[in-house]
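Structure first, commentary second.
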Amino acid sequence: MNPTLLLEKPAVSWKNFDQMSQFPSTRYMGSKFKLLDFIWDNTRDLEFNSVLDAFSGSGCVGYMFKTKGKSVSTNDVLRYSACIASATVENSHEIIGDEELELLLSTPAKTDGFIRTTFEGLYFEEEEYHFLEKIMHKISLLDSKYKKSIAIAALCKACIKKRPRGIFTYTGSRYDDGRKDLRLSIEEHFMNAVSEFNEAVFDNGQKHQTFFGDIFDLQKNDCDLVYIDPPYFSLRSDNDYLRRYHFVEGLCSYWRSAEIDFSTKTKKIKKQVTRFDSRQTVYKAFDDLFAKFHDSILAVSYSSNSIPTKEEMIELLKRHKRCVKVEEFDHKYSFGNQNHKIGNNANSVKEYLFIAQ
Ligand SMILES: C[S@@+](CC[C@H](N)C(=O)[O-])C[C@H]1O[C@@H](n2cnc3c(N)ncnc32)[C@H](O)[C@@H]1O
């Protein structure tokens, strides 16, 4: 045996190992995945051990803080986001083993035809809906909360990968551009996603928590730092997460906790009121949010083509904190993302990170 090989392999792989690269990426609207270095570079010198990612979305920011050794809590009003955070942030040990995966995939399984009947002809083929029904039934038989989270998050990822542009705001497949992702079966996507979520699981020695619900209802949280990345409000684009992701959001509870609006063509879940989607409510929403977390360091992401403006945000933060700093980053949104407009420069924005202490 070549002794050089034995010595070199672990040294290279451990030295360059980047836990963040294990995070299962998604095309989540407003995801800060490409801004993680910017966020960390501007928070790393602050004194904090615990952090609340108050609007966790894809979960990548909370996960990034976990890779930096912090104790992380996450919150989001979407069950889908909470499920990703439960699988990757709160969960430090459990994975779905080969045998369990085989059990999940094995036939026969009890299916009730609910997805096939409700969404017939809208997003996927009949056998794909049947697969979703089958897996959701099998998942309900798993005995571990975290294994369930991994399996559901992976199933949602499979649906998003299999869907042109990854959203459910339209029916049919008019944006099918022949991408390889659209040629793989939903089962193949599911198996790939389970292995990605498994690989993302790690322990940083700290305790983590996942919350699900409106941030204004969260019981007071005593995290040292609160990262705030709400839906960006602008007069030119909508920031309705539920409209884009209603199918996977419904899937997470098998539509048991979701009321479908049957009058809509997309069979989306009934709209939930949010204070971040109108000029009348958004200022007070930020003011209340900053008041709620005034004991913590606040790190707030927002963009240059949204309301409140940079100056207004500084003013709002100064009502609650003594020192406010703003860092800026030039960013371009991709299609399907918030603030994107074809044919103009509206998708080039400055991303702000306000740090208030
Ligand atoms: C800009 S995204 C967060 C993106 C996330 N930081 C990431 O990197 O993926 C905003 C998130 O806020 C959530 N949200 C909207 N209104 C909320 C509310 N009232 N309470 C909690 N979460 C809310 C949305 O579901 C969405 O996931």
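One-based numbering, in listed order, for ligands and for the atoms of each. Positions are given from 1 along the sequence.
- Contacts with ligand 1 closer than 4.0 Å are made by no heavy atom of Leu242, backbone or side chain.
- For the 3.5 Å distance criterion, the side chains of Tyr232 and Glu351 qualify, holding a donor opposite an acceptor.
- Residue-ligand proximity, Asn75 to ligand 1, at heavy-atom distances under 4.0 Å covers atoms 21 (C).
- Between Tyr63 and Phe23, the ring planes lie tilted relative to each other; the angle falls in the 30° to 60° range.
- Atoms of ligand 1 found under 4.0 Å from any heavy atom of Cys60 (numbered from 1 in listed order, with element): 8 (O).
- In terms of N/O distances under 3.5 Å, ligand 1 is approached by Lys32.
- For the pair Lys70 and Phe48, the distance from NZ or CZ to the six-membered ring centre is under 6.0 Å and the angle to the ring normal is within 45 degrees.
- Among Gly30, Gly57, Ser58, the residue whose heavy atom lies closest to atom 9 (O) of ligand 1 is Ser58.
- If you check each of Asp76, Asp240, Leu218 against atom 26 (C) of ligand 1, the one with the closest non-hydrogen atom is Asp76.
- For Tyr28, a nitrogen or oxygen atom sits less than 3.5 Å from a nitrogen or oxygen atom of ligand 1, counting backbone and side chain alike.
- Between Asp229 and ligand 1, an N or O atom pair is found at a separation short of 3.5 Å.
- With sequence neighbours left out, the ring-ring contact (aromatic ring centres under 6.0 Å, His included) criterion links Phe293 to no other residue.
- Annotation: cation-pi pair Arg275/Phe233 absent, no NZ/CZ under 6.0 Å from the ring centroid and within 45° of its normal.
- Contact annotation: Gly213 has at least one heavy atom less than 4.0 Å from an atom of ligand 1.
- Between Asp214 and ligand 1, at least one pair of N/O atoms sits closer than 3.5 Å.
- Of the possible donor and acceptor atoms, none in the side chain of Lys147 sits under 3.5 Å from a partner among the backbone N and O of Leu142.
- Checking Glu90 against Tyr146 by side-chain atom types alone, a donor-acceptor pair falls below 3.5 Å.
- For the residue pair Gln19/Thr67, the side-chain donor-acceptor check at 3.5 Å is not satisfied.
- Using a 4.0 Å cut-off between a side-chain N of Lys or Arg and a carboxylate O of Asp or Glu, Lys134 and Asp112 do not qualify as a salt bridge.
- Counting heavy atoms under 4.0 Å from ligand 1, residue Ser301 does not touch it at all.
- When only interatomic distances are considered, the shortest N/O to N/O separation between Ile215 and ligand 1 falls below 3.5 Å.
- Within ligand 1, the atoms closer than 4.0 Å to a non-hydrogen atom of Leu78 are 25 (O), numbered from 1 in the order shown.
- For ligand 1, the atoms closer than 4.0 angstrom to any heavy atom of Ser56 are 5 (C), 7 (C), 9 (O).
- In this comparison of Phe55, Phe33, Tyr241, the heavy atom closest to atom 23 (C) of ligand 1 sits on Phe55.
- With respect to Asp261 and Lys267, no salt bridge is recorded, no charged nitrogen being found less than 4.0 Å from a carboxylate O.
- Considering both main-chain and side-chain atoms, Val77 comes within under 3.5 Å of ligand 1 through a nitrogen or oxygen pair.
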